[in-house]
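Reckoned from all heavy atoms, side chains included, excluding hydrogens, waters and symmetry mates. We name chains A, B, ... by the order of the sequence lines, and we start the count at 1 in each one. Because the structure is predicted, anything quoted here is derived from the model rather than measured.
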Amino acid sequence: MAQQFGKGCHLHLIDGSAFIFRAYHALPPLTRKSDGLPVGAVSGFVNMLQRYIEGNTGPDAATHVAVIFDKGSHTFRNDMYDQYKANREAMPEDLRPQMPLTRDATRAFNIACEEIEGFEADDIIATLAHQARDAGGRVTIVSSDKDLMQLVGGGVEMLDPMKNKRIDNDGVREKFGVGPERVVDVQALAGDSVDNVPGAPGIGIKTAALLINEYGDLESLLDRATEIKQPKRRLTLIDNRSQIELSKKLVQLDCDMELPFDLDSLEVRDPDPETLLGFLALMEFRTIVKRVADKLGAEAPVIETAPQAAEVAAPEAVPFDADSYECVSDEAALQVWIDRIYERGYVAVDTETTGLNEMIVDLVGVSLCVEAGQACYIPLAHKAAASDDLFGSDDVAEGQMDFDRCLAMLKPVLEDTSIIKIGQNMKYDSKIFKRLDITVAPIDDTMLMSYAMNAGVHNHGMDVLSDRYLGHTPIPIKPLLGTGKSAITFDRVPVADAVKYAAEDADITLRLWQQFKPQLHAKRVTTVYETLERPLVPVLAQMEMHGVKVDRDTLSRMSNAFAQKMAGLEHEIHEMAGRKFNVGSPKQLGEIMFDEMGLEMPDGKKPSKGKTGAYSTGADVLEDLATIHDLPRRILDWRQLSKLKSTYTDALQEHINTDTGRVHTSYSIAGANTGRLASTDPNLQNIPVRSEEGRRIREAFVAEPGKVLVSLDYSQIELRILAHVAGIDALKQAFSDGVDIHAMTASEMFDVPLDEMTPDIRRQAKAINFGVIYGISGFGLARNLRIPRAEAQGFIDRYFERFPGIRKYMDDTVAFAKDHGYVQTLFGRKINTPEINAKGPHAGFAKRAAINAPIQGTAADVIRRAMIRMPAAISDLPAKMLLQVHDELIFEVDEGSADALIDTARDIMENASDPAVKLDVKLSVDAGQGANWAEAH
DNA sequence: ACGCTCACG
DNA sequence: GACGTACGTGAGCGTA
C-alpha cells in the first residue's frame with residue numbers, strides 16, 4: 001500500500017519549531033480553562049497545521065509530509081564554535097511544557113513527526129530534501145527561514161506559510177543577490193546576529209553578494225582577496241579569513257545525515273477522527289474541535305465547561321481552609337499527589353527548612369499544591385516533642401515517610417521538563433534541592449511575576465501578595481517558632497501545626513500564579529519576565545552556592561590593627577572633649593560638640609538637627625567643623641575604622657562557611673525597584689574601595705591556589721545609556737572617540753580646551769554628569785561640590801544650554817511618568833511611579849527617581865542579560881562567575897585561562913544588549929586580574 | 001522598631 | 001514663594 005517515493009511524488013517538510021514560535025508570539029497566553037495549563041502555542045500550532053491541511057490541494061499538494069523539530073540545544077555546530085546561537089534568549093518558561101504537546105498534536109493529525117537529538121531541524125530538512133530530489137520527486141519546505149534557502153533548486157522550493165508565497169531560485173536571488181548554490185557563501189561573509197554567526201565584520205548581505213558575484217565563489221574570493229580595491233574590505237577579508245571559513249561551516253546544512261526512517265514512511269495519511277478529536281478535546285480547544293469535527297463529518301466530543309482558572313483563584317470561590325490540607329506520610333499517599341501533578345502539568349512547591357541560610361539549613365518538609373485549596377505537606381525531618389524537656393527530644397517525630405525515599409520519588413517530577421514548578425522566591429527552594437542533588441526545572445516564580453508587573457507599587461513578599469491579591473492573611477510563622485532566645489527551628493514545630501502553615505504557603509503560591517500568569521501578558525511584561533527575571537534564578541543560585549573564598553587570617557589581622565588605632569583615637573577624643581563618652585553615639589557626640597564645647601558651624605548656620613531632635617553629626621558636618629577644631633577629624637577617622645572593623649573585618653568572618661571556607665551572599669532579584677540586584681547576608685556589593693585603608697579589605701577576597709580572580713566592569717555604562725536615550729550627539733561622539741567623558745563635558749561647559757584641563761574643573765564636570773543621572777537640582781549639586789547654590793544653578797543652566805537634549809529627555813520622562821504612572825527601560829522593564837502626581841516634597845523625590853530609573857534600570861538589564869548568557873559562554877573554560885556589583889562581574893579562573901576568560905566574558909558583556917536593543921553607543925568593558933580582589937579590580 | 005551613619009555603584 | 005532634595009541599595013549601632 002505504501003507508495004514508493006519517486007517521480008511524481010511531492011514531499012512537504014514543515015519547520016515545526018518555526019511554527020511553534022510564531023504561534024507562541026502571535027497569540028495571547030491562552031491557558032486550558034479547567035486548570036490553567038498554558039496551551040496558547042499548542043492552539044496556534046494546531047490552527048496552523050489545520051490551515052495547512054485545508055490548503056493542501058491542487059497541483060502543489062503533498063503526497064508525503066513531515067513536521068520536523070529541533071531537539072536538544074547542543075549540536076555539532078556548538079562543538080565547532082561555542083558561541084553559536086549564544087545570543088539566543090532562553091525558551092520562555094510557559095512554552096517549554098507545550099513542546100511535547102506540539103509533538104502530540106502532530107501525531108494526532110497523523111502526520112509524521114521527526115526529531116533527532118543533537119541535530120537542528122534544518123539539517124534533517126536538508127537531508128530529506130536531498131533524498132527526495134535525488135529520487136526524482138518535488139520538495140516544498142514550509143518555512144520562511146532564510147537559512148533553508150540554500151536548499152532551493154532542482155525541484156526544491158520553499159513556501160512562506162504566512163504570506164502563502166512560494167520561493168524559488170528567483171526568490172532566493174531576490175533575498176540574497178545570488179543563486180541558492182552561493183547562499184552559504186554570502187551568509188558566511190555577512191554573518192548572522194540572531195544565530196551569532198560571526199561572518200566578516202562590516203560586511204552585510206549586499207556587499208557579500210557583490211563580492212561573490214564578482215569572484216565566483218567564497219574560496220576564490222578569499223584566495224584573491226588581495227585584489228580587492230577597497231582597502232577596508234580587503235583588510236577585513238584577509239584578517240578574518242578563518243572566522244569567515246568557520247562561518248561557512250556553521251551555515252552549511254548537513255545533507256547527508258543518517259536517518260532512522262525513510263521517505264516512504266512519510267506518506268500522507270488521513271487523520272483518525274477519534275484520535276484527533278480526542279486530543280483537541282483534551283486541550284479544550286472548543287472552536288477547533290467544532291471546525292475539525294465538521295470537516296471530518298464526525299461528532300464533536302463534549303468539552304465540559306469548567307470554571308475559569310481566575311474564578312477558581314478568587315478567594316470567595318474556594319475559601320482558605322487550613323484544616324483541609326493533607327499530611328502525606330507514606331509512599332502511596334505521595335504517589336497519588338505525583339499522579340495528580342502529571343495530570344496537571346504544573347505544581348506549586350514550597351520547602352520548609354531549619355533556618356534561612358540556604359547553604360547551611362536542612363530540609364524539614366515539602367509542600368505541594370495542584371489546585372486552589374488542595375495542598376499537602378510532607379513532613380520529613382520533624383523532631384518528636386518531649387514532655388520533660390523544654391528543647392524537645394532528638395527523636396524523629398512519628399508519621400513521616402523516609403527522607404531519601406521521598407526525594408527519590410520527587411526528583412523525577414522536579415526535574416521533568418514538562419512539569420512547571422511554581423514557587424514564591426524559587427531561588428531559595430532550588431538551592432535547597434540542589435544541595436540534595438535535585439535540579440528543579442522549569443520554574444515559575446510568583447515573586448518575580450509580581451516584580452515584573454508591580455515594581456515600585458509594593459514589595460513582593462508572600463504576605464503582601466496574599467493580602468493584596470487573595471484578600472487573605474497567611475498564618476504567621478512567629479507564633480509557631482517563637483521569638484528571641486526561646487525561638488525554635490521549624491523541625492521542632494509539631495507536625496499538625498506545620499501542615500497548616502506549610503501547605504497554605506503552597507496553596508497561596510498556586511493561587512497567585514493562576515492570577516498573575518495571564519496578567520503578565522496583559523501588562524506587557526512577559527518578555528521582561530521571561531528574559532530578565534526567570535532565567536536569572538539558576539544563574540544566581542549557582543553563583544551563590546559557589547561563593548567567594550575569604551581569608552580569615554587577613555581579616556583577623558586587620559581587625560586587630562583597627563582596634564589598636566581606634567583605642568588611640570578614642571583616648572585623644574576623650575582628652576579633647578574633656579570627658580569620657582561613647583564615641584559611637586551620634587547623640588552624645590552632638591551634645592559634646594555643640595552644647596559643651598560650643599563649636600559653631602563655619603558657615604555661621606545653626607547646627608542642624610534630625611527628626612529625633614538630636615544634632616546631626618554626619619560626615620559632611622564633621623568635615624566642615626574640621627576646619628575649626630581637631631576633634632571632628634579624629635571622629636571621622638575613628639568612624640571610618642569603626643565601620644571597617646564592625647561591618648567588614650569582624651562581621652565578614654562570621655559569614656565564612658565552615659564547610660566551604662567561602663562566603664555565600666544572597667542576591668535579591670526583586671529588591672531594588674530599578675532592576676538592580678541587591679546583595680545580603682553579607683552585602684558583597686559595598687565592600688570598601690574608595691579609601692586606601694578600606695580597599696585593603698579586598699585583599700581578603702582571594703582565589704584558590706592556582707587560580708586568579710578576574711574582574712570585568714562596564715566603563716561609564718550609565719552615561720553611555722544616557723547618551724543613547726537622550727540622543728546627545730556630542731556625548732555619543734566622545735564615547736566613540738574614546739575621550740575622557742568628564743573632561744569633554746568640562747571643556748564644553750567652561751570653554752576650556754582639553755589640553756588645558758585642570759583636575760578641579762574636571763571634578764566639577766564629573767559631579768554634574770552624575771547629577772544629571774540622578775535628576776539634578778541646584779541644591780544637590782551645590783551641596784556635593786560645596787559651592788553656593790546660585791553658582792551650582794548657573795552650572796546646571798549652562799549644561800542644559802550646551803546639551804539641550806538632556807533637558808528634553810528629563811522633561812519627556814517626567815511627562816511620560818505622569819501620563820502612564822510608570823517609566824520604562826530600553827528592554828521594556830516597567831518601574832511604577834505611583835507618587836509622581838503627588839503634591840509636596842514627595843513630588844521632587846518621585847520626579848528624580850523617574851528620571852533616574854530608566855538609566856539605572858537599563859544598565860541593570862544589560863548586565864542581567866550578560867549574566868544570563870555567561871554560564872553557557874564560559875562552560876568550556878575552567879572558570880566560575882562569583883559576584884556581581886551592579887556594573888562589575890567577578891570570576892575565579894585557572895591561572896592559565898584568565899586571558900581566554902577575559903576575551904569571552906568581555907565579548908558577552910559588551911554585546912549584551914544585542915539583539916534586543918541596538919545602542920548608538922558602544923559598551924566598553926575594563927578588565928583586571930590578580931590573586932585577590934584588590935589586585936583584580 | 002527606627003533613625004543615623006556610612007559602605008558601594 | 002517655600003518646601004527640602006541629588007539616584008539606588010544593606011548593615012551595624014545606639015536609642016527609644
Nearest-Å distance, [atom1] ([X]) to [atom2] ([N])?
{"X": "Asn852(A)", "N": "dG8(C)", "atom1": "CG", "atom2": "C1'", "result": "7 Å"}
{"X": "Leu677(A)", "N": "dC8(B)", "atom1": "CG", "atom2": "C1'", "result": "14 Å"}
{"X": "Ile831(A)", "N": "dG8(C)", "atom1": "CD1", "atom2": "C1'", "result": "11 Å"}
{"X": "His886(A)", "N": "dG9(B)", "atom1": "NE2", "atom2": "C1'", "result": "5 Å"}
{"X": "Gln856(A)", "N": "dC7(C)", "atom1": "CD", "atom2": "P", "result": "11 Å"}
{"X": "Lys609(A)", "N": "dC4(B)", "atom1": "NZ", "atom2": "C1'", "result": "16 Å"}
{"X": "Phe770(A)", "N": "dT5(C)", "atom1": "CZ", "atom2": "C1'", "result": "19 Å"}

Distance-minimising heavy-atom pair for Ile717(A) and Ala859(A):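 So the minimum-distance heavy-atom pair works out to CG2-CB, 4.0 Å.
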
Check this one for me: any side-chain N or O of Arg783(A) less than 4.0 Å away from OP1 or OP2 of dA6(C)?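 Yes.
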
So if I take every side-chain heavy atom of [X] and compare against [options], which nucleotide ends up nearest?
{"X": "Phe845(A)", "options": "dT15(C), dC4(B), dT5(C)", "value": "dT5(C)"}
{"X": "Ser668(A)", "options": "dG14(C), dG10(C), dA6(C)", "value": "dG10(C)"}
{"X": "Arg676(A)", "options": "dT9(C), dT5(C), dG9(B)", "value": "dG9(B)"}
{"X": "Asp887(A)", "options": "dT5(B), dA6(C), dG9(B)", "value": "dG9(B)"}

[X] near the nucleic acid: base, sugar-phosphate alone, or nothing, with a heavy-atom cut-off under 4.0 Å?
{"X": "Ala619(A)", "value": "sugar-phosphate"}
{"X": "Gly775(A)", "value": "nothing"}
{"X": "Glu718(A)", "value": "nothing"}
{"X": "Ala792(A)", "value": "nothing"}
{"X": "Gly844(A)", "value": "nothing"}
{"X": "Asp681(A)", "value": "sugar-phosphate"}
{"X": "Ile776(A)", "value": "base"}

Residues touching DNA chain B, which here means a heavy atom under 4.0 Å, drawn from residues 637-655 of chain A: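 When residues 637-655 of chain A is checked for heavy atoms under 4.0 Å from DNA chain B, the hits, listed by number, are Arg639(A), Gln640(A), Lys643(A), Tyr648(A).
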
Heavy atoms within less than 4.0 Å of DNA chain B: which residues of residues 683-699 of chain A have one? Give them sorted by number.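 By residue number: Gln685(A), Asn686(A), Ile687(A), Pro688(A), Val689(A), Arg690(A).
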
Taking the P atom of each, how far is dC3(C) from dC8(B), in whole Å?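 Comparing P positions in dC3(C) and dC8(B) gives a spacing of 34 Å.
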
Determine the interatomic distance between P on dA2(C) and the same-named atom on dC6(B); round to the nearest Å.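 My reading of the P atoms in dA2(C) and dC6(B) gives 31 Å.
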
Row check, Phe779(A) ring normal vs Arg783(A) NZ/CZ: under 6.0 Å, within 45°: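 Because its charged atom misses either the 6.0 Å distance or the 45° angle limit, Arg783(A) does not stack over Phe779(A).
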
Do Val823(A) and Lys830(A) come within less than 4.5 Å of each other through their side chains, counting heavy atoms only?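 Val823(A) does not reach Lys830(A) side chain to side chain.
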
Parallel under 30°, tilted from 30 to 60°, perpendicular over 60°: which one fits the rings of Phe803(A) and Tyr799(A)?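 Rings of Phe803(A) and Tyr799(A): tilted, as their planes differ by 30° to 60°.
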
On the 0 to 90° scale, with breaks at 30° and 60°, tag the Phe701(A)-Trp933(A) ring pair as parallel, tilted or perpendicular.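 Plane angle over 60°, so perpendicular.
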
